[in-house]
Chemist: 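My structure is below; once you've seen it, I'll send some questions.
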Amino acid sequence: MPELPEVETVVRGLERGIAGRRIKKLTLNRADLRFPLPKGLAARIEGRRVLRIGRRAKYLLFHIEGGGVLLAHLGMSGRMVLNGNGNGADRRHDHVVLSFDDGAVLRFNDARRFGLIDWAESEDELPRNKHLASLGPEPLSNGFNGVTLASLLEGKATPIKAALLDQRVVAGLGNIYVCESLFWAGISPKRRAGTVQGERAERLARAIRLVLERAIAAGGSSLRDYVQATGELGYFQHQFAVYGKEGEPCPECDCGKAIRRIVQGGRSTFFCARRQK
DNA sequence: ACGAGAACCTGTTTGC
DNA sequence: TGCAAACAGGTTCTCG
């Protein structure tokens with residue numbers, strides 16, 4: 001579910017909702033999460049304030065008073081929702097609940113349990129955290145452009161679709177935004193990643209940035225599970241050009257050719273075979 | 001070393 | 001209608 005724009009939207013909602021609040025209690029409702037909670041996590045955060053909330057790739061970063069950082073990943077089905085507004089979330093999947101001194105309640109709800117929570121002792125430790133250590137560049141950072149993207153793709157034989165899903169190449173893209181970015185860049189998902197160089201890489205870097213920015217502006221994409229921290233839905237799904245649109249006409253070609261769906265690496269890819277080469 | 005595919009888990013949709 | 005298969009926004013492991 002949640003790719004960079006969804007996580008960024010949640011981060012912004014949490015920043016408004018709980019930055020500066022003091023954590024009163026952490027409640028763990030089920031022990032068999034994908035990874036057990038870090039040892040002694042409750043003791044490290046209870047009684048301390050959340051200074052600010054940030055993001056790296058698809059990870060939420062809760063900066064805690066005293067220097068530690070709580071990391072959270074939402075997996076496929078995870079939600080991080082404030083104050084009971086789960087927008088239909090099944091309460092049985094409220095695995096971790098944080099209550100705050102002002103009465104605010106933050107729920108980590110994750111039906112499929114692909115999400116995770118981790119802990120870094122300090123901001124300096126973050127780059128060495130096992131989940132963050134090998135991530136590629138942030139696509140919305142200043143340094144991300146066609147030149148950097150081209151060098152990351154150089155020599156790769158795998159299809160560009162698979163390369164962009166690899167978080168070591170670019171951090172934060174997932175199935176939706178890879179499909180959408182390749183569409184707007186006019187690049188076939190089947191093209192060898194290593195051949196995306198020069199002007200093609202430039203177009204792709206620009207398309208990635210544009211798609212992500214538009215998606216964030218729309219509050220992310222709500223297909224089934226994703227909601228913002230407030231419980232509101234995202235709206236970018238209404239602006240999809242190709243994702244989930246098999247058989248529908250390409251929105252940019254007037255040839256009337258339909259959007260095709262293929263499977264790459266076990267995941268659906270949607271594209272326009274006429275426009276994307 | 002690299003790439004393809006399976007596995008992890010639950011819920012919903014699709015097809016016979 | 002009913003049941004089974006397919007599918008879902010991600011990541012990580014194994015195998016060739």
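Residue numbering restarts at 1 for every chain, and letters A, B, ... go by the order of the sequence lines.
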Chemist: Please work out if A/Ala162 contacts a base, only the sugar-phosphate, or nothing of the nucleic acid, heavy-atom cut-off 4.0 Å.
Modeler: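 Counting heavy atoms under 4.0 Å across all strands, no contact is made by A/Ala162.
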Chemist: The side chain of A/Pro159 is closest to which nucleotide in this list: B/dG3, B/dA4, C/dC7?
Modeler: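 Within the option list, the nearest is B/dA4.
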Chemist: Hey, does A/Pro5 reach any base, or is it just sugar-phosphate, or nothing, if we go heavy atoms under 4.0 Å?
Modeler: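 Nothing, no heavy atom under 4.0 Å.
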Chemist: Just to confirm, is there a sub-4.0 Å distance from OP1 or OP2 of C/dG10 to any side-chain nitrogen or oxygen of A/Gln167?
Modeler: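 Answer is no, no contact under 4.0 Å.
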Chemist: Would you call A/Arg128 and A/Glu125 a salt bridge, taking side-chain N to carboxylate O under 4.0 Å as the test?
Modeler: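 Counted as a salt bridge, because a side-chain N and a carboxylate O are separated by less than 4.0 Å.
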Chemist: Heavy-atom nearest nucleotide on DNA chain B for A/Asp90 versus A/Arg34: which residue maps closer to 5'?
Modeler: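 Mapping each residue to its closest nucleotide by heavy atoms, the 5'-most match is A/Arg34.
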Chemist: Which whole-number value in Å describes the distance from A/Ile176 CD1 to C/dG10 C1'?
Modeler: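 From A/Ile176 CD1 to C/dG10 C1': 12 Å.
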Chemist: Taking everything shown except A/Arg30 itself, do over 12 heavy atoms lie less than 6.0 Å from its CZ?
Modeler: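 Yes, the 6.0 Å shell around CZ holds more than 12 heavy atoms from other groups.
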Chemist: Under 5.5 Å centre to centre and under 30° between planes: does that hold for A/Phe114 and the six-membered base ring of B/dC8?
Modeler: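 Ring-base stacking flag set for A/Phe114 and B/dC8.
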Chemist: Check whether any side-chain heavy atom of A/Val242 sits under 4.5 Å from a side-chain heavy atom of A/Glu180, and report yes or no.
Modeler: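 The answer is yes, as the side chains (C-beta and beyond) meet within the 4.5 Å cut-off.
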Chemist: Quick test of your reading of the model: are A/Asp101 and A/Lys24 salt-bridged, counting only N-O distances below 4.0 Å?
Modeler: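 Looking at A/Asp101 and A/Lys24, the cut-off is not met.
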Chemist: A cation-pi test, strictly: NZ or CZ of A/Arg79 under 6.0 Å from the centre of the six-membered ring of A/Phe108 and no more than 45 degrees from its axis. Yes or no?
Modeler: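 No; the conditions do not both hold, so A/Arg79 does not lie above the ring face of A/Phe108.
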Chemist: Any carboxylate oxygen within less than 4.0 angstrom of a Lys/Arg side-chain nitrogen, looking at A/Glu65 and A/Arg49?
Modeler: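 Salt bridge present between A/Glu65 and A/Arg49.
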Chemist: With a 4.0 Å cutoff (strictly under), does any side-chain N or O of A/Arg168 reach OP1 or OP2 of C/dT12?
Modeler: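 No, outside the criterion.
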Chemist: Give the nucleotide from the list C/dT12, C/dG10, B/dT10 with an atom nearest to the side chain of A/His73.
Modeler: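 The nucleotide sitting nearest to the side chain is C/dG10.
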Chemist: Rounded to whole Å, how long is the line connecting atom CD1 of A/Ile160 with atom P of B/dA4?
Modeler: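 Going from CD1 in A/Ile160 over to P in B/dA4 covers 13 Å.
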Chemist: Taking 4.0 Å as the cut-off, does a side-chain nitrogen or oxygen of A/Lys58 come that near to OP1 or OP2 on C/dG10?
Modeler: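 It does, given that an N or O in the side chain of A/Lys58 lies less than 4.0 Å from OP1 or OP2 of C/dG10.
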Chemist: Could you work out the separation of B/dC9 and C/dT14 based on their P atoms and round it to a whole Å?
Modeler: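 Between the two P atoms, the distance is 15 Å.
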Chemist: Take N1-N3 plus N6-O4 or O6-N4 for Watson-Crick, N1-O2 plus O6-N3 for G-U, both under 3.5 Å. Which runs of 3 or more such pairs involve DNA chain C?
Modeler: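 Paired runs of 3+ in DNA chain C: B:2-8 with C:10-16, B:10-16 with C:2-8.
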Chemist: Please report the distance separating the P of B/dA6 from the corresponding atom of C/dA6, rounded so that it comes out in whole Å.
Modeler: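 After rounding to an integer number of Å, I get 12 Å for this pair.
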Chemist: Rounded to the nearest angstrom, tell me the gap between atom CG in A/Asp110 and atom P in C/dT11.
Modeler: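 Nearest whole value for this atom pair: 13 Å.
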Chemist: Taking atom P of C/dG10 as reference, at what distance in whole Å does atom CG of A/Asp166 sit?
Modeler: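 Going from A/Asp166 (CG) to C/dG10 (P), I get 13 Å.
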Chemist: What is the distance from CG of A/Leu60 to P of C/dG10, rounded to the nearest Å?
Modeler: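 After rounding, the reported distance stands at 14 Å.
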Chemist: What are the residues of residues 212-219 of chain A, sorted by number, that bring a heavy atom to within less than 4.0 Å of DNA chain C?
Modeler: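 By residue number: none to list.
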Chemist: OP1, OP2 of B/dG11 versus side-chain N and O of A/His93: anything below 4.0 Å?
Modeler: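 So the side-chain polar atoms of A/His93 do come within 4.0 Å of the phosphate oxygens OP1 or OP2 of B/dG11, strictly under.
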Chemist: Can A/Lys58 be said to sit on top of A/Tyr226's aromatic six-ring, NZ or CZ under 6.0 Å from centre and within 45° of the ring axis?
Modeler: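 Not flagged: A/Lys58 not positioned over aromatic ring of A/Tyr226.
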Chemist: What's the gap between B/dG11 and C/dT12 when it is taken at their P atoms, as a whole Å value?
Modeler: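 To the nearest whole Å, 23 Å.
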Chemist: Kindly indicate whether the side chain of A/Asn129, heavy atoms from C-beta on, has any atom under 4.5 Å from the side chain of A/Asp118.
Modeler: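 The answer is yes, as the side chains (C-beta and beyond) meet within the 4.5 Å cut-off.
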Chemist: Need one value for A/Gly174: base, sugar-phosphate or nothing, where a base atom within 4.0 Å counts as base even if backbone is also close, heavy atoms only.
Modeler: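 Sugar-phosphate contact only - A/Gly174 comes under 4.0 Å of backbone atoms but never of a base.
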Chemist: I want to check something: taking the side chain as every heavy atom from C-beta on, are A/Gln276 and A/Phe271 in contact at a cut-off of under 4.5 Å?
Modeler: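 Sidechains of A/Phe271 and A/Gln276: in contact.
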Chemist: For A/Thr148 and A/Asn145, indicate whether the former's side chain and the latter's backbone hold a donor-acceptor pair under 3.5 Å.
Modeler: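 Yes.
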Chemist: From CD of A/Gln264 over to P of B/dG5, roughly how many Å is that when rounded to an integer?
Modeler: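 Result: 11 Å.
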Chemist: Please evaluate the base of C/dA8 for a donor-acceptor partner in the side chain of A/Arg267 within a cut-off of under 3.5 Å?
Modeler: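 Flag unset: no donor-acceptor pair detected.
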Chemist: Atom CG of A/Leu71 and atom P of C/dT11: how far apart are they, to the nearest Å?
Modeler: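 In whole Å, C/dT11 P and A/Leu71 CG are 13 Å from each other.
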Chemist: For A/Thr158 and B/dA4, is the shortest distance between a side-chain N/O and OP1 or OP2 below 4.0 Å?
Modeler: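 Yes.
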Chemist: How close do A/Pro139 and A/Ile208 get, heavy atom to heavy atom, and via which atoms?
Modeler: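 It is CB-CG2, 3.8 Å.
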Chemist: Between B/dC9 atom P and A/Arg112 atom CZ, what is the distance in whole Å?
Modeler: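 Answer to the nearest Å: 11 Å.
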Chemist: Taking the P atom in each of C/dC7 and B/dG5, what is the distance between them to the nearest angstrom?
Modeler: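 Per the computed distance, 14 Å lies between those P atoms.
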Chemist: Quick check on B/dC9: is either OP1 or OP2 less than 4.0 Å from any side-chain nitrogen or oxygen of A/Ser77?
Modeler: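 So the side chain of A/Ser77 is outside the cut-off, no N or O lying under 4.0 Å from OP1 or OP2 of B/dC9.
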